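Since the structure is predicted, the reported quantities are computational estimates derived from the model, not experimental observations.
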Amino acid sequence: MDQVHWTRDSGSFPPPVLQPIIDNVIEWYEEQPHTPPVNSVDPNPHFDNVVLDWNQVALDAIRYYSITDPPEDAGYVSRALAMQSIAMFDTLRAIEDQPGFLVTREAPNGIDADAAVTAAAHRILVELFPRYEKALDRAYEAHLDQIKDGRAEDQGVAFGNRIAEAVIESRSDDGSDPYGYLERVAGDDPGAYRPTPPDFTEAIQPHWGQVRPFVLESGDQFRPPPPPALTSRQYTDDLKEVKAFGDLYSDVRSPAQTLSALWWSNDEDTYTRVGQWSDIADRILDAQDRSPLESAYLLTELNVGLADSIIACWDAKFTYDFWRPVTAIREAGRDGNWATRPDPDWLPLLVTTPDHPEYTSGHSILGSTANQVLTDFFGAIPFTGTTETLPGVYLTFPDFETAAVDEAASRIYAGVHYRVSTERGLFMGEQVGGVIVDAFNRFEPNSDGHLV
């Protein structure tokens, strides 16, 4: 394969201290035997499917905001993807004279479906990513240029905009905050979260757990029990594990574990960890030649599930305000635990710890929810995924569950989570995913794979 290299313009990732570790793990990766990809791994895919195309445009918008206006924001990103998917799905459902997930309208006869989807997707993205409007307009015009001018196109555009406006209105009072909202969340007691080195950024979206979910009854529906006491055996074991395996210069973390930590991170300058699962779904839908309606169904189920997972995760994070490993390890002399020892210079592999409390793990709940949704739709199939943190590195997993477990474990190797948070995050994802799958049963594909 071609030599992997970095082309980020912002310069924020990777930090210089991490580059030698990245170089070493890439060299190790390139020496390993590779399973042939089981679906497209084109880094810039172009799909013959209007729904998949617009989902990729949404990922472009997310990427642009992540680079130009950091810190990236999982809550905002997941809500945006969910709203766009709903708008596309409800548009196509209306054209099929079927009720939508969120909005049900009567579609005019004979309208162009691609024009309607394009208008709906574009309207949502312009509303949510206004600084990316010029690029969104170019994508909009390019898609409409492929459609025959006339009444069918015009009415399709008008109808798609109507659906999008209704989706926007339905979420206008959901309690979400402006993009990039930060607030100082800082405790001083042992176990209490405080901003982390090296930049000590204030906490992102501390009230996101109170946002009205799409399907869940509330953000606290599956709130887990509190994290272990600082003097407990579980906390002691977890702290020692992340201290050893998550250390920037760990001598016990294997190259495969380092690769996992980097591959799943997708934080700054990327389509984010939420977008990675949406991208994975796009590629499998394309490989299976699924229709726009089927694609919109699956992406709506997935993105709604991921959005509700983030709400549930943020509820737990800011309910318990638990400290991150980098704080706990540096301040271990204050935790009242005779079995822990402080290391005031310790840094995690990812260097910059995510700017929100530790418990529970967002990556874990996202991966677990994605597993529930994707396995229900596709079955337990192998797939190949890409990552924006390590461009050109492709990993193949035997099924979605294995991927979810690997994503959860990656956060220990990254040095940003304790094992208990990854395990409880996986369990929360199972709970959220189960509710999402049940809610979408009314749109379930039949035995031929077509929506009923």
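- A distance of 7.0 Å separates OG in Ser364 from CD in Glu407, rounded to the nearest 0.5 Å.
- Annotation: Glu401, atom CD; neighbour count of heavy atoms from other residues, nucleotides and ligands within 6.0 Å does not exceed 12.
- Partners of Arg212 by side-chain contact (heavy atoms from CB on, under 4.5 Å), not counting sequence neighbours, listed by chain and number: Arg171, Asp173, Asp174.
- A donor-acceptor pair under 3.5 Å is absent between the side-chain atoms of Gln56 and the main chain of Leu52, judged by distance alone.
- A side chain to side chain donor-acceptor pair (under 3.5 Å) with Arg233 holds for exactly one of Asp237, Thr231, Thr236; it is Asp237.
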Please lay out, stage by stage, how Asp315 and Arg223 fare under the test salt bridge (Lys or Arg N to Asp or Glu O under 4.0 Å).
CA-CA 7 Å; Asp315 169 81; Arg223 182 184 292 171; 2.8 Å; yes

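- Partners of Asp335 under the salt bridge (charged side-chain N to carboxylate O under 4.0 Å, His left out) rule, at least two apart in sequence or in another chain, do not exist in this structure.
- Judged by distance alone, with hydrogens and angles left aside, the side-chain atoms of Arg194 form a donor-acceptor pair with the main-chain N or O of Ala192 at under 3.5 Å.
- Looking only at atom types and distance, the side chain of Thr369 has a donor-acceptor partner in the side chain of Ser309 under 3.5 Å away.
- A donor-acceptor contact under 3.5 angstrom links the side chains of Arg253 and Thr258, judged on distance only.
- Aromatic ring centres of Tyr65 and Tyr132 lie farther apart than the 6.0 Å criterion allows.
- Side chains of Asp376 and Gln372: a donor-acceptor N/O pair is absent below 3.5 angstrom, by distance only.
- Between Tyr64 and Phe129, a ring centre-to-centre spacing not shorter than 6.0 Å is recorded.
- Around CD of Gln32, the count of heavy atoms belonging to other residues, nucleotides or ligands within 6.0 Å exceeds 12.
- A donor-acceptor pair shorter than 3.5 Å cannot be found between the side chains of Thr422 and Ser361.
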Begin from the C-alpha positions of Asp238 and Gln234 and carry the test side chain to side chain donor-acceptor pair (under 3.5 Å) through to its verdict.
CA-CA 6 Å; Asp238 284 359; Gln234 184 171 29; 4.6 Å; no

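- Between the side chain of Asn55 and the main chain of Val51, no donor-acceptor pair closer than 3.5 Å is present.
- A distance of 10.5 Å separates CD of Gln276 from CG of Leu59, quoted to the nearest 0.5 Å.
- Counting only N and O atoms by type, the side chains of Thr396 and Thr384 include a donor and acceptor under 3.5 Å apart.
- Between Ala87 and Ile124 the shortest heavy-atom distance is CB-CG1, 3.8 Å.
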Could you walk me through whether Asn266 and Thr272 pass the side chain to side chain donor-acceptor pair (under 3.5 Å) check?
CA-CA 5 Å; Asn266 285 299; Thr272 79; over 6 Å; no

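- No donor-acceptor pair closer than 3.5 Å links the side chain of His122 to the backbone N or O of Thr118.
- In this structure a side-chain-to-backbone donor-acceptor pair under 3.5 Å is missing from Asp286 to Phe47.
- With rounding to the nearest 0.5 angstrom, the CG atom of Leu92 is 7.5 Å from the CD atom of Glu96.
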With ring pair (Phe, Tyr, Trp, His ring centres under 6.0 Å) as the test, would you mind laying out the steps for Trp264 and His363 before giving the verdict?
CA-CA 8 Å; Trp264 284 109; His363 278 70; 7.9 Å; no

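- Listed by chain and number, the residues in a ring-ring contact (aromatic ring centres under 6.0 Å, His included) with Phe101 are Phe440 (sequence neighbours excluded).
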Would Thr340 and Asn337 count as a side chain to side chain donor-acceptor pair (under 3.5 Å) here? Give the steps.
CA-CA 6 Å; Thr340 63; Asn337 187 331; 4.6 Å; no

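- In this structure a side-chain-to-backbone donor-acceptor pair under 3.5 Å is present from Trp346 to Lys243.
- Ile26 has its side chain within reach of Val393: a pair of non-hydrogen atoms, C-beta onward, lies under 4.5 Å apart.
- For the pair Tyr359 (side chain) and Tyr418 (backbone), a donor-acceptor distance under 3.5 Å is absent.
- A donor-acceptor distance shorter than 3.5 angstrom exists from the side chain of Tyr76 to the backbone of Leu128, with no hydrogens or angles considered.
- A donor-acceptor pair under 3.5 Å is absent between the side-chain atoms of Arg411 and the main chain of His417, judged by distance alone.
- Checked for salt-bridge contact, Arg63 and Asp60 meet the test: a charged N lies under 4.0 Å from a carboxylate O.
- Checked options Ser176, Ser218, Ser78; the residue passing with Val211 is Ser176 (criterion: side chain to side chain contact (heavy atoms under 4.5 Å, CB included)).
- The salt bridge (charged side-chain N to carboxylate O under 4.0 Å, His left out) check on Asp321 picks up nothing, with sequence neighbours excluded.
- In this structure a side-chain-to-backbone donor-acceptor pair under 3.5 Å is present from Thr375 to Asn371.
- A salt bridge is defined here as a Lys NZ or Arg NE, NH1 or NH2 lying under 4.0 Å from an Asp or Glu carboxylate O, and Glu358 with Lys317 fails to meet this definition.
- In summary, of the residues considered (Phe397, Phe378, Tyr394), a ring pair (Phe, Tyr, Trp, His ring centres under 6.0 Å) with Phe383 occurs for Phe397 alone.
- For the ring-ring contact (aromatic ring centres under 6.0 Å, His included) test, no residue two or more places apart in sequence or in another chain qualifies with Tyr193.
- Gln210 is linked by a side-chain contact (heavy atoms from CB on, under 4.5 Å) to His207, counting only residues two or more places apart in sequence or in another chain.
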